[in-house]
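Report on the structure given below.
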Amino acid sequence: MPRKKNQLAHLNAVQRKSTLLPAEIPGTLAVDPDGNASPLSSKYFIIEKNTSQLGSDYFNQPCISLAKSVLGQILVRKLPDGRELRGKIVETEAYLGGEDEASHSKGGKQTPRNAAMFMKPGTLYVYQIYGIYFCMNISSQGEGAAVLLRSLEPLDGLDVMQQLRSSQKKGQPKPLKDWQLCNGPSKLCQAFDINKDFDQRDLAQNPAIWLEPGPEVPGEQAVVTTARIGIGCSGEWAQKPLRFYIRGNRCVSIVDKRVERETECSYDLPVAQG
């Protein structure tokens, strides 16, 4: 008799598991009242408290691909007091690792300073320039490869960004225009209160900084591809087309009008009929 009771208990347990709703099964589809199915989980997104956070697999792509892909995505910075700052990424640069003469990892040399460039994709590489300012990069596929974030379009928390930028200046600085808050690599770090403490953090899993998918991804015609800025001593690599920005966005640090004219003309050419 005890054996029979144990068998019945086991069967009941199996029946309870089989009656789980789809929403209770990881990786399944949820069906809304209209009958539409949507993924509850994705390899690209971590769903937590109604916030879509770009996950580890998103960053695991070649450097140039990542530099273009993050355009239009939203950088989020959660301050210690709980306030959140948001800005859309509008300009990036790709640094390809060992072969790239302009990269901090040229020659494949790894140092304590650039260690984050050799870590898993999605790791932040934050370094200091002029002993004062900071620049932020995201590691990608490729040994020592990373993407520099050059400019953001401020979205949320502009008053806080204004205060953070002003605190870096002496006296009573004139208030900045909204588009001036994050239109440069060190400016966006100031506005988002990012310093060396963020070096080697995982952008896919950090509670203080992450990326969210933007509402609109710029198409090919909306992205301008041109040379990087401030690397004149890098030989032929100074002219490589490894800077990318959203055409027409006022928050871009430096606009390449020549390249924009040339690419506009190319897109206007008629399509050959076969």
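Start at 1 with the first residue, then count along the sequence. Everything numeric here is computed off the predicted structure, so don't read it as measured data.
- Two residues are said to be in side-chain contact when any heavy atoms from C-beta on lie closer than 4.5 Å; Asp156 and Glu84 fail this criterion.
- The residues Arg258 and Glu260 are annotated as not salt-bridged, no charged nitrogen and carboxylate oxygen being separated by less than 4.0 angstrom.
- Residues Leu85 and Leu158 have side chains not in contact (no heavy-atom distance under 4.5 Å, counting atoms from C-beta outward).
- By the 4.5 Å heavy-atom criterion applied to side chains, Leu149 and Pro185 are not counted as neighbours.
- Residue Ile89 is grouped with residue Tyr58 when hydrophobic side chains (ILVMFWY) are merged at heavy-atom distances under 4.5 angstrom, including chains of intermediate members.
- With hydrophobic clusters built from ILVMFWY side chains whose heavy atoms lie under 4.5 angstrom apart, Phe192 shares a cluster with Leu79.
- Considering Arg250, Lys187, Arg247, Arg150 as possible partners of Glu91, the one that fulfils the salt bridge (Lys or Arg N to Asp or Glu O under 4.0 Å) test is Arg150.
- Within the 3.5 Å criterion, the main-chain N or O of Gln180 finds a donor-acceptor partner in the side chain of Arg165.
- When every heavy atom of Arg243 is checked against every heavy atom of Asp256, the shortest pair comes out as NH2-CB, 4.3 Å.
- There is no side-chain donor-acceptor pair under 3.5 Å between Thr92 and Tyr245.
- Across Ala204 and Gln53, no two heavy atoms sit closer than the pair O-NE2, 2.7 Å.
- In plain terms, the two heavy atoms of Lys120 and Thr123 that are nearest each other are O-OG1, 2.7 Å.
- Summarising the geometry of Ala191 relative to Cys182, their closest heavy-atom pair is CB-SG, 3.7 Å, with the distance given to 0.1 Å.
- If you check the side chains of Ser105 and Gln110, you find no donor sitting under 3.5 Å from an acceptor.
- Environment of CD in Gln200: crowded, with over 12 heavy atoms of neighbouring residues, nucleotides or ligands closer than 6.0 Å.
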Practice problem: Please assess Lys78 against Val76 for the test side-chain contact (heavy atoms from CB on, under 4.5 Å), listing each intermediate value before the final yes or no. | Solution: CA-CA 7 Å; Lys78 188 171 185 177; Val76 184; 5.6 Å; no

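- In this structure, OG on Ser103 lies 7.5 Å from CG on Asn114, to the nearest 0.5 angstrom.
- For the atom pair Ser151 OG and Asn249 CG, the distance stands at 8.5 Å (nearest 0.5 Å).
- Here the shortest heavy-atom pairing between Pro241 and Thr225 reads O-CG2, 3.4 Å.
- Atom CG of Leu152 sits about 8.5 Å away from atom SG of Cys251, to the nearest 0.5 Å.
- By the criterion of side-chain heavy atoms lying less than 4.5 angstrom apart, applied directly or through intervening Ile, Leu, Val, Met, Phe, Trp or Tyr residues, Leu148 is grouped together with Ile132 in one hydrophobic cluster.
- The closest donor-acceptor contact from the side chain of Lys196 to the backbone of Val126 lies under 3.5 Å.
- The two residues Ile74 and Gly214 make their nearest non-hydrogen contact at CG1-CA, 3.8 Å.
- When the side chains of ILVMFWY residues are joined at heavy-atom separations under 4.5 Å, either directly or via intervening members, Tyr95 and Phe134 end up in two distinct hydrophobic clusters.
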Exercise. With side-chain contact (heavy atoms from CB on, under 4.5 Å) as the test, would you mind laying out the steps for Glu93 and Leu242 before giving the verdict?
Key: CA-CA 6 Å; Glu93 289 181 350; Leu242 295 172; 6.0 Å; no

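- Annotation: Lys177, atom NZ; neighbour count of heavy atoms from other residues, nucleotides and ligands within 6.0 Å does not exceed 12.
- The ring pair (Phe, Tyr, Trp, His ring centres under 6.0 Å) search around Tyr127 returns His104, Tyr125, not counting sequence neighbours.
- Of the candidates Ile209, Asn137, Ile194, Leu124 forms a side-chain contact (heavy atoms from CB on, under 4.5 Å) with just one, namely Ile209.
- Within the 3.5 Å criterion, the main-chain N or O of Gln61 finds no donor-acceptor partner in the side chain of Ser65.
- Here the CD-SG distance, from Gln141 to Cys63, works out to 10.0 Å after rounding to the nearest 0.5 Å.
- Cation-pi check for Lys240 over Trp237 is met; the charged atom lies under 6.0 angstrom from the ring centroid and within 45 degrees of its normal.
- Remark: Asp178 CG to Asn183 CG distance equals 11.5 Å, nearest 0.5 Å.
- Here the straight-line distance linking atom CD of Gln190 with atom CE of Met161 works out to 13.0 Å at 0.5 Å rounding.
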Quiz item: Which is it for Leu75 and Met136 under the side-chain contact (heavy atoms from CB on, under 4.5 Å) test, yes or no, and what are the steps along the way?
Solution: CA-CA 12 Å; Leu75 180 69; Met136 179 171 62; 3.8 Å; yes

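- Judged by distance alone, the side chains of Trp210 and Glu212 do bring a donor and an acceptor atom under 3.5 Å apart.
- The residues Asp100 and Arg228 are annotated as salt-bridged, a charged nitrogen and a carboxylate oxygen being separated by less than 4.0 angstrom.
- Note: the hydrophobic cluster containing Tyr133 does not contain Leu164 (ILVMFWY, side chain heavy atoms under 4.5 Å, direct or indirect links).
- Between Thr226 and Phe244, the closest side-chain pair of non-hydrogen atoms is not below 4.5 Å.
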